[in-house]
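Keep in mind the model is a prediction, meaning the values are calculated, not measured.
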Amino acid sequence: MDLDQINQKFDQASAEDVVGWAAETFGDGLVMSTSFGIQAAVMLHLVTQVVPDIPVIWIDTGYLPSQTYLFAEKLAERLKLNLKVYQSLISPARMEALYGKLWEFNDVKAFNQYDQMRKVEPMQRALQELQATAWLAGLRSKQTNFRQSLRRVESQGELYKVLPILNWHSKDIYQYLQAHDLPYHPFFDLGYTTVGDWHSSRPVGAEDENDRATRFQGLKEECGLHLPQTPEESQSLDSSSL
């Protein structure tokens with residue numbers, strides 16, 4: 001697949017057109033992921049309008065806020081999602097007994113160990129079991145330094161990563177939510193612009209340079225799900241090294 005040619009073709013294409021191309025190109029091998037975060041309703045609605053029965057992978061770390069679980073339940077019911085929930089093979093209690101509360105170590109290495117167990121391994125297992133060949137994700141270039149380097153269609157290992165709303169701004173997100181009467185995650189009203197696990201997310205403060213600084217105690221921007229996984233592609237899950 002000539003990614004340069006494809007990305008040139010889709011440089012100014014609509015998000016819906018990108019999703020339609022992915023569905024036609026990858027067929028049953030196409031999946032999408034969601035975190036049921038602040039703006040998750042946008043991608044979930046946009047994609048399922050084109051591919052209603054697409055497998056939707058949700059990695060449940062076991063440490064999400066109760067509001068996230070309730071938000072997920074409501075969205076899954078409203079949009080009739082074909083939800084595929086995956087969790088770590090090691091329970092939260094067992095992990096804490098063996099390794100401690102890794103998020104309290106204030107250390108990038110500990111965060112990476114946590115992310116590998118609770119997020120990356122379950123996602124890799126999900127993609128394998130669902131026999132995915134391409135993965136739709138709601139990354140936006142404005143979110144992190146790493147994401148600014150991405151194109152709308154990329155390769156990640158043996159998969160293709162398709163990013164329909166990569167070039168969207170916050171205004172585009174807001175307008176889509178309003179146009180389709182879709183909800184934000186309830187933490188938006190508490191000052192959060194991004195939310196993950198309860199222990200590693202906080203509202204935006206005046207000192208924050210970007211939204212992702214509110215995650216992982218500001219030590220890293222990426223959880224590892226969207227970073228290259230081979231040593232040749234990336235020496236660390238720590239986005240500060242990118």
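No donor-acceptor distance shorter than 3.5 angstrom exists from the side chain of R118 to the backbone of G62, with no hydrogens or angles considered. With hydrogens and angles ignored, the 3.5 Å screen pairs a side-chain donor or acceptor of T25 with a backbone N or O of W21. Listed for the N7 side chain is a donor-acceptor partner under 3.5 Å among the backbone atoms of L3. In terms of modelled atom types and a separation under 3.5 Å, the side chain of H180 and the main chain of L182 share no donor-acceptor contact. No donor-acceptor pair closer than 3.5 Å links the side chain of T34 to the backbone N or O of A40. Looking only at distances, no side-chain donor or acceptor of T48 sits under 3.5 Å from a matching main-chain atom of V51.
H169 has its ring centre no less than 6.0 Å from the ring centre of Y174. The aromatic ring centres of W198 and F187 sit 6.0 Å or more apart.
Taking the side chain as every heavy atom from C-beta outward, Q156 and W135 approach each other to under 4.5 Å. With contacts defined as side-chain heavy-atom distances shorter than 4.5 Å, the pair V19/M32 does not qualify. You'll find the side chain of K101 stays beyond 4.5 Å of the side chain of H199, heavy atoms only. Using a 4.5 Å cut-off on side-chain heavy atoms (C-beta onward), S155 and K161 make no contact. Contact of the L98 side chain with the I90 side chain is registered, since non-hydrogen atoms from C-beta on lie closer than 4.5 Å.
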Could you walk me through whether I173 and S170 pass the side chain to side chain contact (heavy atoms under 4.5 Å, CB included) test, one step at a time? CA-CA 5 Å; I173 296 292; S170 296; 5.5 Å; no
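Using modelled atom types and a 3.5 Å distance limit, the side chains of D197 and S200 yield no donor-acceptor pair.
For W58, the ring-ring contact (aromatic ring centres under 6.0 Å, His included) partners at least two apart in sequence or on another chain are F36, Y69.
Here D4 pairs with R151 in a salt bridge; the nearest charged N to carboxylate O distance falls below 4.0 Å.
Neither L89 nor Y86 shares a network with the other; the hydrophobic side chains, linked directly or stepwise wherever heavy atoms of I, L, V, M, F, W or Y lie under 4.5 Å apart, form separate groups for each. If you chain together hydrophobic residues whose side chains sit under 4.5 Å apart, Y63 and Y99 fall into the same group. Criterion: ILVMFWY side-chain heavy atoms under 4.5 Å apart, direct or through other members. Under it, L75 and L70 are not part of a common hydrophobic cluster.
Heavy atoms only, all atoms of each residue included: Q5 and D2 are closest at N-OD1, 3.1 Å.
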